[in-house]
Amino acid sequence: MLLKKTYALIDCNNFYVSCERVFDPRLENRPVIVMSNNDGCVVARSDEVKALGVAMGVPVFKIRDLIERHRMVLYSSNYTLYGDMSRRVMKTLAGFTPDLEIYSIDEAFLDLSGFGYKNLTDYGRVIRRTVKRWTGIPVSVGIAPTKTLAKIANHLAKKSPKADGVLDLTDSPYLDHALAAVGVKNVWGVGPAHARRLRKIGIENALQLRDADDRWVQKHMSVVGLRTVYELRGRPCYDLETAPAPQKGLACSKSFGRPVESLADLAEAVALYATRAAERLRRQKLAAGALCVFVMTNLFSKKDRRYFNSHTTELPVATSDTAELISYALAALEKIYRPGHKFKKAGVICDQLTCRNKIQLNLFDPVDRPRSRRLMQTLDAVNALYAPDTLRYAAAGLDRPWKTRFEKRSCRYTTNWNELPRAKISLQPS
DNA sequence: TCTGGGGTCCTAGGACCC
DNA sequence: TCTGGGGTCCTAGGACCC
């Protein structure tokens, strides 16, 4: 007899907005938006903004009127801050159980199987209260016998005022009722394409999906869809992944602040992205066996000609050396560059990642590997000691007129001594 | 004027081999 | 007249996640 499983999903509410609010309490109860890179899209919304009908991912320029009318507060994304706040939240959660899976920047699964708690809802409340007190971030807690059901419990915990942020669906007499209240597109694993297809055959909510025909699901949604259905029935298909699987690819790409036409500007951008990719490879002790470079024009533009192209280079020896990756990247760029286009985005993708210590050497390798490694270690050490980019390759440019916009970024309150928050205290007689 | 970035997995179909 | 069958590997594309 298998022991019954119990999973909790802890999800930070409006995470990026909540991070901004921790350091500026005046934002409480006000409509707040955090924008994507380049200040392009809406990626986080406060409840006030959601109530006004602003959807996730809409372009900011399309809701300018709404923003002004409701005096919404806008922020550029500040990933340094969000990353550090995430670490604090996860560290707090780790205090509750060693069986923790950090699922994303703002979500974690906890395995509560066999904890023997009589009242899991109370335990959820303790978690919620502790995270709020220690980090300032509000979270919701969903508890259930599978991860997919825990996701649903969490979704409802956020929406229902009665739940007050915590919902336990294990052995719940209201389970069917709860599933019927969740639209099929809100089920974990069902995206827009499958939701459309399901709706066509009359499946609108999670309850109907749970009771769907297995063969139909397998045929149209593959085994992945079938697992989702099993999980809705309470049969776990996904266990906690406490040790993350080794990464397979690593991408570095960004839209430009303004269109780029010359090969010289494009080359600077590609060299910079190759630099960033190399830094991330080294930080994770990885090396890339292949390198792909792509460029593209604005795919939304109706008046300009569209162009997309990419080129992949198989590297003779897997590497994380910045200079080497830059030189391959620039050679690839020359192959795919076409003059006369307004480029909007470029990127570098590293593939066939291997652990740095398991690199297959090549007899005819022209590079002095030990020397390259020492050089990169020195470069990283200098940049860590002083500031990022203190030492850098000239190919990546200095002015970078094409660089991504971040016009409304808040301070890096928790990771930079020069940007610590200031508090003013006035003592008044009581 | 203005539309993000970084990942994973599965499947079908072609290439290739014997 | 009549032109195999079955296995493996790789890749592109499509779906999903945050």
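Lettering of chains follows the sequences in order, A, B, ..., and the numbering in each one begins at 1.
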From [options], pick the nucleotide closest to the side chain of [X]?
{"X": "A/Tyr103", "options": "B/dG5, B/dC2, C/dC18", "result": "C/dC18"}
{"X": "A/Asp106", "options": "C/dC18, C/dC16, B/dG7", "result": "C/dC18"}
{"X": "A/Ala193", "options": "B/dG5, C/dC16, C/dC17", "result": "C/dC16"}
{"X": "A/Phe300", "options": "C/dA15, B/dT11, B/dG4", "result": "B/dG4"}
{"X": "A/Lys248", "options": "B/dC10, B/dG4, B/dC9", "result": "B/dC9"}
{"X": "A/Ser222", "options": "B/dC10, C/dC18, B/dT3", "result": "B/dC10"}
{"X": "A/Trp188", "options": "C/dA15, C/dC17, B/dT3", "result": "C/dC17"}
{"X": "A/Cys41", "options": "B/dG5, B/dT3, B/dT11", "result": "B/dT3"}
{"X": "A/Asn298", "options": "B/dT3, C/dC18, B/dG6", "result": "B/dT3"}

[N] OP1/OP2 closer than 4.0 Å to side-chain N/O of [X]:
{"X": "A/Ser253", "N": "B/dG4", "value": "no"}
{"X": "A/Lys151", "N": "C/dC16", "value": "no"}
{"X": "A/Arg227", "N": "B/dC10", "value": "yes"}
{"X": "A/Lys345", "N": "B/dG5", "value": "yes"}
{"X": "A/Lys344", "N": "B/dG4", "value": "no"}
{"X": "A/Arg280", "N": "B/dG7", "value": "yes"}

Rounded to whole Å, how long is the line connecting atom [atom1] of [X] with atom [atom2] of [N]?
{"X": "A/Leu209", "N": "C/dC16", "atom1": "CG", "atom2": "P", "result": "12 Å"}
{"X": "A/Met296", "N": "B/dG5", "atom1": "CE", "atom2": "P", "result": "9 Å"}
{"X": "A/Ile33", "N": "B/dT3", "atom1": "CD1", "atom2": "P", "result": "16 Å"}
{"X": "A/His194", "N": "B/dT11", "atom1": "NE2", "atom2": "C1'", "result": "11 Å"}
{"X": "A/Gln352", "N": "B/dT8", "atom1": "CD", "atom2": "P", "result": "14 Å"}
{"X": "A/Glu241", "N": "C/dC18", "atom1": "CD", "atom2": "C1'", "result": "15 Å"}
{"X": "A/Arg405", "N": "B/dC2", "atom1": "CZ", "atom2": "P", "result": "8 Å"}
{"X": "A/Glu407", "N": "B/dT1", "atom1": "CD", "atom2": "P", "result": "17 Å"}

Is the shortest heavy-atom distance from the side chain of [X] to the side chain of [Y] under 4.5 Å?
{"X": "A/Ile33", "Y": "A/Met35", "result": "yes"}
{"X": "A/Cys12", "Y": "A/Met85", "result": "no"}
{"X": "A/Tyr103", "Y": "A/Lys151", "result": "yes"}

>> Please name the nucleotide paired to C/dT8 by Watson-Crick or G-U wobble geometry with both distances under 3.5 Å, or report none.
In response: B/dA15
> Between A/Arg412 and A/Asp84, is the closest basic N to carboxylate O distance under 4.0 Å?
Replying inline: no
> Between A/Asn13, A/Asp11, A/Asp164, which is the residue that forms a side chain to side chain donor-acceptor pair (under 3.5 Å) with A/Ser140?
Replying inline: A/Asn13
> Between A/Cys252 and A/Ala245, which has a closest nucleotide on DNA chain B that is more 5'?
Replying inline: A/Cys252
> Which residue, A/Asp39 or A/Gln247, contacts DNA chain B at a nucleotide closer to its 5' end, judged by nearest heavy atom?
Replying inline: A/Asp39
> Checking side chain to side chain donor-acceptor pair (under 3.5 Å) for the pair A/Glu20/A/Tyr82: CA distance, chi angles, key distance, verdict?
Replying inline: CA-CA 9 Å; A/Glu20 300 294 348; A/Tyr82 310 150; 2.7 Å; yes
Using a heavy-atom cut-off of under 4.0 Å over every strand shown, decide if [X] touches base, sugar-phosphate, or nothing.
{"X": "A/Ile105", "result": "nothing"}
{"X": "A/Val187", "result": "sugar-phosphate"}
{"X": "A/Val60", "result": "nothing"}
{"X": "A/Val58", "result": "nothing"}
{"X": "A/Gly249", "result": "sugar-phosphate"}

> With a cut-off of 6.0 Å (strictly less than), are more than 12 heavy atoms of other residues, nucleotides or ligands near NZ of A/Lys50?
Replying inline: yes
> Considering only the P atoms, how many Å lie between B/dT3 and C/dC18, rounded to the nearest integer?
Replying inline: 25 Å
